[in-house]
Protein chains: 2
Amino acid sequence: MTVRDVATLANISPEVVRYYSRIGLIKPQRNRKNGYKLYDASDISRLIFIRRAKTLGYTLKEIKNILSHSNTGTSPCPMVRRIIENRIDDNRQRLDDMLSLQTRMENAVEQWKHMPDGTPDGDSVCILIESFTHDNNMEVR
Amino acid sequence: MTVRDVATLANISPEVVRYYSRIGLIKPQRNRKNGYKLYDASDISRLIFIRRAKTLGYTLKEIKNILSHSNTGTSPCPMVRRIIENRIDDNRQRLDDMLSLQTRMENAVEQWKHMPDGTPDGDSVCILIESFTHDNNMEVR
DNA sequence: CTTGACCTGTGTGTTACACGCATGTTGTAG
DNA sequence: CTACAACATGCGTGTAACACACAGGTCAAG
């Protein structure tokens, strides 16, 4: 199978398949006649595995580790559990950050509703941004 | 003032100040003797403005636009309002995505609690990931 | 005068691709 | 049989906002 075929079967774009080959996530055979990459059923299941892992929040780097780990015959499962637990914590933190950003933005729009646009001078760039007051944490990431 | 001074006063790391100079967000003078960047009070207020804008979700690119827009004498406020309203929508979408990821990850960990680690063979890389069923009913907690 | 803290510019790495380039290959319509 | 579209190849660049490293120049104090 060629790139387009395997991409269609795995429901991925050919670009992504090429990218995964490039970074070593999949290792297709080669057609000796023309140098084209040759994919088989095992590549498809690997691609499907990668996509499943991605929907669970694993990064490509982590997936690569999982794959090569399992190639050595040892179970990647303990690693898989460890990673996802850390990711849950990280994600909760980022969610909190984004939620507070969302609140901040909504508050700003609300405050600005009753304010006119200002003309910039030497002291002021944009009175909206400069005048915005927020009560609690200013955290951004 | 030198980088370290202005960074301390604006409560930013010197690296970030250098980065902002590099991408043209601030344009410090130069010491003709040694080529060092020379910052003054206007740079500090610019840095503070940039940080305020960032806490409101504006990207550095957008902030650059806002700054140069206000340099032409026209009010950046309409643009500022437009950007934040779009950002609120985008952010809500990303929040939804991250929330569903969070739920998915938590469901996975829950399912996996009752499962043993598997040994990899030709057919299986990691039974945990492969067996995870993405049941939409579970998502509604 | 040496030392150490600071400055300079530039380059690389981070994530997961998207897109473009120049070039080589294949399949098919005329 | 050949022209041409549609595919393939590798490689390079760009994305956001820095962090960090490197090699070298500068400055104040002892």
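Letters A, B, ... mirror the listed sequences (proteins, then strands); counts begin at 1.
Legend: residues meeting side chain to side chain donor-acceptor pair (under 3.5 Å) with A:Asn71, ordered by chain and number and at least two apart, are absent. Take A:Ser13 and apply the side chain to side chain donor-acceptor pair (under 3.5 Å) test, not counting sequence neighbours, and it matches no residue. Take B:Glu85 and apply the side chain to side chain donor-acceptor pair (under 3.5 Å) test, not counting sequence neighbours, and it matches no residue. The side chain to side chain contact (heavy atoms under 4.5 Å, CB included) search around A:Lys27 returns none, not counting sequence neighbours. For A:Arg22, there are no side chain to side chain donor-acceptor pair (under 3.5 Å) partners, not counting sequence neighbours.
Distance A:Ile26 CD1 to C:dC17 C1': 14 Å, rounded to the nearest Å. Distance, B:Arg32 CZ to C:dT8 P: 16 Å, rounded to whole Å. When rounded to the nearest whole Å, the span between CD of B:Glu15 and P of C:dG9 equals 12 Å.
Within the structure, every side-chain polar atom (N or O) of A:Tyr19 is placed at least 4.0 Å from both OP1 and OP2 of C:dC19.
Atom-to-atom distance recorded for B:Ile50:CD1 and B:Leu25:CG is 4.5 Å, nearest 0.5 angstrom.
Taken residue by residue, residues 44-64 of chain A places heavy atoms nearer than 4.0 Å to DNA chain C at A:Arg51, A:Lys54, A:Thr59, A:Leu60. Residues from residues 81-96 of chain B with heavy atoms under 4.0 angstrom of DNA chain C: there are none.
Nucleotides of DNA chain D that come within less than 4.0 Å of any heavy atom of chain B span, from the 5' end to the 3' end, D:dA17 to D:dC27.
Hydrophobic cluster membership of A:Leu99, counting Ile, Leu, Val, Met, Phe, Trp and Tyr whose side-chain heavy atoms lie under 4.5 Å apart directly or via other members: A:Leu95, A:Met98, B:Leu95, B:Met98, B:Leu99. Hydrophobic cluster of A:Tyr36: no remaining members, since no ILVMFWY side chain lies below 4.5 Å from it.
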For this session: Let me see the working for A:Arg30 and A:Lys37 under side-chain contact (heavy atoms from CB on, under 4.5 Å), right down to the final yes or no.
Result: CA-CA 5 Å; A:Arg30 290 308 187 122; A:Lys37 288 168 187 129; 3.6 Å; yes

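Contact between B:Val125 and B:Glu130 at its shortest, heavy atoms only, is N-OE2, 2.8 Å. Heavy-atom minimum distance, B:Thr133 versus B:Gln111: O-NE2, 3.2 Å.
The closest donor-acceptor contact from the side chain of A:Asp5 to the backbone of A:Thr8 lies at 3.5 Å or more, if one exists at all. Here the side chain of A:Tyr58 pairs a donor or acceptor atom with the backbone of A:Val80 at under 3.5 angstrom.
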Between the protein and nucleotides 4-7 of chain C, which nitrogen or oxygen pairs are less than 3.5 angstrom apart?
residue, atom, partner, partner atom, Å
C:dC7, OP1, B:Thr2, OG1, 3.1
C:dC7, OP1, B:Arg4, N, 2.9
C:dC7, OP2, B:Arg4, NE, 2.9
C:dC7, OP2, B:Arg4, NH2, 3.0

Give me, pair by pair, the N or O atoms of the protein and of nucleotides 10-12 of chain C that are less than 3.5 Å apart, along with how far apart they are.
residue, atom, partner, partner atom, Å
C:dG11, N7, B:Arg22, NH2, 3.2
C:dG11, O6, B:Arg22, NH1, 3.4
C:dG11, O6, B:Arg22, NH2, 3.1

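Nearest-nucleotide mapping onto DNA chain C: of A:Asn34 and A:Tyr20, the residue sitting toward the 5' end is A:Tyr20.
Other residues, nucleotides and ligands place no more than 12 heavy atoms under 6.0 Å from the CG atom of B:Asn11.
Between A:Arg82 and A:Glu62 no salt bridge is recorded (no basic side-chain N to carboxylate O distance below 4.0 Å).
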